[in-house]
Amino acid sequence: MRKLNQCIIPTKIWGTYILYCYLIKEWVKTMSIRYTDYIRMKTGQYQSVGKFGDDIYVFEMLTGITDTAEYHQISKEEFDSFEVWSEEAPEYPKTYEILARPVLCSGYLGKAYLDASLLRDM
């Protein structure tokens with residue numbers, strides 16, 4: 001038996017477990033992004049846009065009676081045009097399109113960490 005990144009690796013299938021431990025390391029690195037790490041850059045009424053890290057653009061919507069934040073991924077182009085589409089009427093079609101996307105993370109119990117499996121190439 002050998003150890004790699006605190007994983008016990010049977011020598012017989014060592015290569016498989018190297019990849020497995022690498023994926024665990026990447027998962028932990030990604031999952032360490034919390035909803036509290038959000039950087040707000042532009043604001044609107046009950047909504048804003050900003051970033052997680054350097055390249056994950058998100059739309060923040062305050063929901064529920066306690067104004068709990070939910071974060072939905074957006075593209076750089078949507079981020080740049082926030083002032084236009086956040087004020088569109090009637091019915092705010094772009095906002096509803098974004099809200100139909102998966103919630104990456106939120107202030108709700110059990111959703112505090114960013115779910116990297118929901119990220120899309122935008």
| task | Could you give me the CA-CA distance, side-chain angles and deciding distance for E88 and K94, then say whether salt bridge (Lys or Arg N to Asp or Glu O under 4.0 Å) is met? | result | CA-CA 8 Å; E88 285 178 345; K94 186 64 172 181; over 6 Å; no

Taking atom [atom1] of [X] and atom [atom2] of [Y], what is their separation to the nearest 0.5 Å?
X: R34; Y: L114; atom1: CZ; atom2: CG; answer: 12.0 Å
X: L104; Y: Y113; atom1: CG; atom2: OH; answer: 16.0 Å
X: F82; Y: E87; atom1: CZ; atom2: CD; answer: 7.5 Å
X: M61; Y: S106; atom1: CE; atom2: OG; answer: 13.5 Å
X: Y35; Y: E70; atom1: OH; atom2: CD; answer: 12.0 Å
X: L62; Y: S48; atom1: CG; atom2: OG; answer: 7.0 Å

Does any N or O in the side chain of [X] come within less than 3.5 Å of the main-chain N or O of [Y], such that one atom is a donor and the other an acceptor?
X: T63; Y: T68; answer: yes
X: Y57; Y: E78; answer: no
X: Y38; Y: V49; answer: yes
X: Q73; Y: R120; answer: yes

| field | Verdict with supporting geometry, F79 and M41, side chain to side chain contact (heavy atoms under 4.5 Å, CB included) | value | CA-CA 9 Å; F79 173 82; M41 302 177 86; 3.8 Å; yes

| query | Just wondering, are more than 12 heavy atoms of other shown residues or ligands nearer than 6.0 Å to CD1 in I39? | reply |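 Above 12, so yes.
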
| Any side-chain heavy-atom pair from K42 and E83 closer than 4.5 angstrom? | yes

| field | Close side-chain approach of V103 and H72, heavy atoms under 4.5 Å | value | yes

| task | Kindly assign one of parallel, tilted or perpendicular to the pair F52 and Y71, based on the angle between their ring planes and the thresholds 30° and 60°. | result |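 Plane angle over 60°, so perpendicular.
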
